[in-house]
Amino acid sequence: MDDFHRDTWAEIDLDAIHDNVANLRRFLPDGTRVMAVVKANAYGHGDAQVAETALEAGASYLAVAFLDEALALRKKGVNAPILVLGASRPMDVALAARHRIALTVFRADWLEQASSVYTGPDPVYLHLKMDTGMGRLGVKDGEETKRIMTLINRHPRFILEGAYTHFATADELNTDYLSYQYSRFLHMLEWLPARPPLVHCANSAAALRFPDRAFNMVRFGISMYGLAPSTDIKPLLPYELKEAFSLHSRLVHVKKLQPGEKVSYGATYTAKAEEWIGTIPIGYADGWLRRLQHFHVLVNGQKVPIVGRICMDQCMIRLPEPLPIGTKVTLIGHQGDETISIDDVARHLGTINYEVPCTISYRVPRIFFRNKRIMELRNAVCHG
Ligand SMILES: Cc1ncc(COP(=O)(O)O)c(CNc2conc2O)c1O
């Protein structure tokens with residue numbers, strides 16, 4: 001197991017991941033498969049650890065953003081089917097096929113190039129992406145779809161395993177555009193000679209709100225991590241989600257400031273009276289962004305303010321009293337009756353909860369808990 005030598009770390013509760021997936025499985029119509037979306041290092045939670053836990057809990061497919069993320073999972077011994085949701089290069093088809101990694105297709109010219117370069121023995125699993133209104137990736141007309149199907153059928157190793165679309169507004173209360181996209185998807189599926197084995201359209205929000213419109217697989221991301229897809233629909237969710245991510249540090253310095261003394265770059269903070277100031281070893285290079293100045297952290301179960309500008313590797317907090325070096329500081333999570341949630345951090349930053357764990361950088365070691373015990377510690381700084 002890795003170790004780490006700076007008193008800042010994230011804790012990933014894999015029991016929460018497991019329960020969030022297991023609860024989804026119980027909630028969905030029988031036979032609906034779960035594709036665990038583990039892109040961006042599983043939204044910052046640890047790709048292989050989350051993937052294996054989700055598979056244990058009943059997920060049967062994984063999704064990543066691009067081919068390298070899938071190859072990384074294979075290197076870490078994750079063998080379940082993986083779909084690359086983003087664009088890939090035609091010349092990488094052989095590499096994907098060799099590792100049983102399915103690719104998203106949405107352009108006939110991509111298939112022409114892939115067909116001309118791929119002569120390997122391994123089947124190439126393809127999921128056809130249809131753009132029903134997300135306006136990002138996807139085929140939009142019947143003629144292009146027919147050309148794609150001709151090219152797939154013409155190549156002995158190309159297999160259309162799936163067809164899917166992605167919703168732009170499933171996390172909004174107003175469902176007009178979602179209904180429009182769903183109807184477009186039904187229409188576009190008619191362009192295919194037959195539905196492929198896997199048809200999927202639902203992200204977390206759509207899966208949790210409209211399970212009867214999920215076809216036979218859902219792509220479960222944000223709520224696998226215990227986070228609501230949006231604050232708007234949080235009250236509508238069918239069951240409690242368990243947040244998996246917490247972030248901690250320890251006091252490395254404590255000092256008394258006299259009135260008028262300053263803190264941090266720009267000397268923007270001035271002590272108004274005698275104040276006890278603590279320093280913790282986390283900064284914006286760890287993803288604890290500068291805009292979190294004036295936010296707070298938890299010490300001994302109390303909220304204490306972040307004072308002065310957040311530095312690259314450190315930031316300062318105002319303590320209620322002199323506290324021992326090594327006192328634990330919680331930046332995301334619980335202490336006593338107090339909680340700082342990812343939603344709280346996102347609100348202060350003026351962003352969405354997705355961005356917060358994704359932004360906690362590789363510099364922050366991740367400690368993984370399973371069955372309430374430490375299962376693994378990953379320190380990417382010195383162990384890669
Ligand atoms: C194609 C696709 N399917 C499923 C998901 C999972 O969605 P969920 O996390 O809401 O369940 C995403 C998330 N993609 C993104 C989430 O934020 N920005 C994105 O591009 C996605 O891009």
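Numbers here are sequence positions counted from 1. Atoms within each ligand, like the ligands themselves, are counted from 1 in listed order. Keep in mind that what you see is a predicted model, and the values were worked out from it rather than measured.
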Asp313/Arg363 ion pair, N-O < 4.0 Å = yes
query = Partners of Thr327 by side chain to side chain contact (heavy atoms under 4.5 Å, CB included), sequence neighbours excluded?
reply = Leu251, Val299, Asn300, Leu323, Pro324
Between side-chain atoms of residues 23-44 and protein atoms elsewhere (two or more places apart, or another chain), which donor-acceptor pairs fall under 3.5 Å?
unit_1	atom_1	unit_2	atom_2	d
Asn23	OD1	Arg26	NH2	2.6
Asn23	ND2	Asp19	O	3.1
Thr32	OG1	Pro29	O	2.8
Arg33	NE	Ser60	OG	2.9
Arg33	NH2	Ser60	OG	3.4
Asn41	OD1	Asp47	N	2.8

ask   = Mind checking what residues have non-hydrogen atoms under 4.0 angstrom from ligand 1?
value = Val37, Lys39, Tyr43, Leu85, Arg136, His166, Asn203, Ser204, Arg219, Gly221, Ile222, Tyr354
Partner residues of Glu161 under the salt bridge (Lys or Arg N to Asp or Glu O under 4.0 Å) criterion, sequence neighbours left out = Arg100
ask   = Does Asp286 pair with Arg6 as a salt bridge, N-O distance under 4.0 Å?
value = yes
request  = For residues Met316 and Ile306, determine if any side-chain heavy atom of one lies less than 4.5 Å from a side-chain heavy atom of the other.
outcome  = no
